[in-house]
Number of protein chains: 2
Amino acid sequence: MGRWQPNARGRLEQAALELYREQGFERTTVKEIAARAGLTERTFFRYFADKREVLFPDANPLQELILAALAEVPADVAPIDAVSRALQATAERAFEGRRGFARQRQSVIAAHEGLRERELVKLASITEALAEAFRGRGVAEPRASLAAEAGSAVFGVAFRRWISGPEDPADAPDLAREIRECFAELKAAAAEGDTISR
Amino acid sequence: MGRWQPNARGRLEQAALELYREQGFERTTVKEIAARAGLTERTFFRYFADKREVLFPDANPLQELILAALAEVPADVAPIDAVSRALQATAERAFEGRRGFARQRQSVIAAHEGLRERELVKLASITEALAEAFRGRGVAEPRASLAAEAGSAVFGVAFRRWISGPEDPADAPDLAREIRECFAELKAAAAEGDTISR
DNA sequence: TCTTTGATGTCAGCGACTGACATCGTCTGC
DNA sequence: GCAGACGATGTCAGTCGCTGACATCAAAGA
């Protein structure tokens with residue numbers, strides 16, 4: 001066995017989520033988190049850039065999943081449909097069966113403005129990565145950026161609907177379906193307007 | 001004359017912008033800002049919740065302008081066109097002739113992640129206000145949220161294009177026109193996809 | 001066995017932010 | 001016109017987030 005308990009990062013993440021839930025984000029000090037994980041404050045900051053980042057796994061695995069899913073979509077599919085498919089696939093791969101955890105985490109984030117800020121940055125990072133992927137696929141600006149933004153917007157709305165549905169897992173909505181329906185709704189809303197688009 | 005110099009808030013805002021530009025956000029302390037404004041650090045925090053907020057005028061006047069412009073659009077206009085018109089009107093009212101200032105401010109914000117975070121929160125606040133306004137107009141969910149998100153997305157893309165155009169004011173793009181074109185592009189992108197929207 | 005390595009601890013310090021209380025012109029009621 | 005309330009600001013002490021520099025020490029290799 002090593003000199004230290006294994007999985008320091010995971011212990012810190014878990015301790016932080018627990019404490020944020022128990023007593024709120026602001027009323028939790030980094031020292032407390034570290035103590036619960038059997039480590040020191042200094043070590044916390046070696047793993048996480050700041051007190052908020054502990055709730056947002058680094059390297060943004062969600063972003064990687066989305067880009068990987070997008071890469072699987074044939075290049076001749078229109079950007080808006082490509083991103084729709086990529087997000088639906090990601091929903092099934094990354095969120096299926098994790099609604100309870102997502103709800104917990106989201107309630108912590110919603111309770112503190114600073115955490116919501118960080119969440120928006122992560123989403124913006126995904127948006128930019130999507131735009132870059134579209135450019136790589138030969139989609140010109142501003143369509144690449146707009147398709148990416150549309151995807152992120154739909155994902156955000158669908159995610160909120162998924163999270164805020166009935167608590168009982170049996171009645172819970174399906175994230176992939178929410179995404180599909182929100183894309184359809186967005187298309188309908190866009191088509192409803194004037195084609196001249198004043 | 002009063003006991004103190006007038007417009008403490010304005011002096012703090014100006015001092016902060018100057019210092020952030022001169023030496024960067026991180027290398028500027030609140031104490032410095034306050035000193036340049038002829039005040040103390042404590043007073044700074046009576047006007048602004050934190051060091052970033054000084055760059056974002058409170059009560060979000062941009063949000064008020066957008067909502068007011070939206071209220072002027074007839075209720076029978078489709079949401080996507082209503083938000084398009086509202087944003088174009090706001091662009092003319094709030095940004096016409098201010099591209100130089102907007103560029104300066106944006107370069108400060110872009111230089112620091114924390115400031116970008118705050119900017120995203122302000123934009124998200126506008127998005128939510130727009131969604132609420134649509135609900136008030138009788139637009140059902142999720143269309144209300146999606147139209148609001150689409151509007152914010154277009155505004156963000158158009159604003160970036162406007163800001164990053166040629167430096168020379170004579171060749172500068174027009175924000176309202178960028179918005180109009182981005183809405184048209186978004187509609188085209190949405191229409192390009194399958195109607196089944198897999 | 002000696003050296004190196006890497007995760008962690010220790011310590012000192014800065015700067016953001018807050019609560020409590022003091023100061024002192026100005027305004028208001030009388 | 002004066003006492004007292006008021007309100008913007010100052011002063012001070014303290015907590016906490018976060019960082020740099022250096023120490024420690026088991027484990028892994030040479």
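Proteins get letters first, then strands, A, B, ... in listed order; numbering begins at 1 in each. Since the structure is predicted, the reported quantities are computational estimates derived from the model, not experimental observations.
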Item checked: OP1 or OP2 of dT8(C) under 4.0 Å from side-chain N/O of Y47(A) -> yes

Item checked: Contact pattern, 5' to 3', of nucleotides 16-23 of chain C - B, S or - by protein heavy atom under 4.0 Å -> SBBBB--B

Item checked: Listed partners of T40(A) passing side chain to side chain contact (heavy atoms under 4.5 Å, CB included), at least two apart -> R42(A), T43(A)

Note to self: Of the options dT9(D), dA7(C), dG9(C), whose atoms approach the side-chain atoms of T43(A) most closely?
What the structure shows: dG9(C)

Next item on the list: For S125(B) and V121(B), indicate whether the former's side chain and the latter's backbone hold a donor-acceptor pair under 3.5 Å.
Entry: no

Check: R9(A) has an atom CZ; how far is it from atom C1' of dT8(C), in whole Å?
Finding: 15 Å

Check: Taking atom P of dT15(D) as reference, at what distance in whole Å does atom CZ of R27(A) sit?
Finding: 16 Å

Next item on the list: Let me know the distance between CD of E32(A) and P of dC18(D), rounded to the nearest Å.
Entry: 15 Å

Next item on the list: Round to a whole Å and report the spacing from CD of E53(A) to P of dG17(D).
Entry: 16 Å

Margin query: Checking the side chain of R11(A) only, and the main-chain atoms of A37(A) only, is there a donor and an acceptor separated by less than 3.5 Å?
Written below: yes

Margin query: Holding to side chain to side chain contact (heavy atoms under 4.5 Å, CB included), I want the full list of residues that pass it with R98(A), two or more places apart in sequence or in another chain.
Written below: none

Check: Can you tell me how far P of dG17(D) sits from CG of L115(A), to the nearest Å?
Finding: 13 Å

Checklist line | Backbone of F25(B) reached by a side-chain donor or acceptor of K51(B) within 3.5 Å | finding: yes

Note to self: Does any part of the side chain of R103(B), heavy atoms only, come nearer than 4.5 Å to the side chain of S164(B), both counted from C-beta?
What the structure shows: no

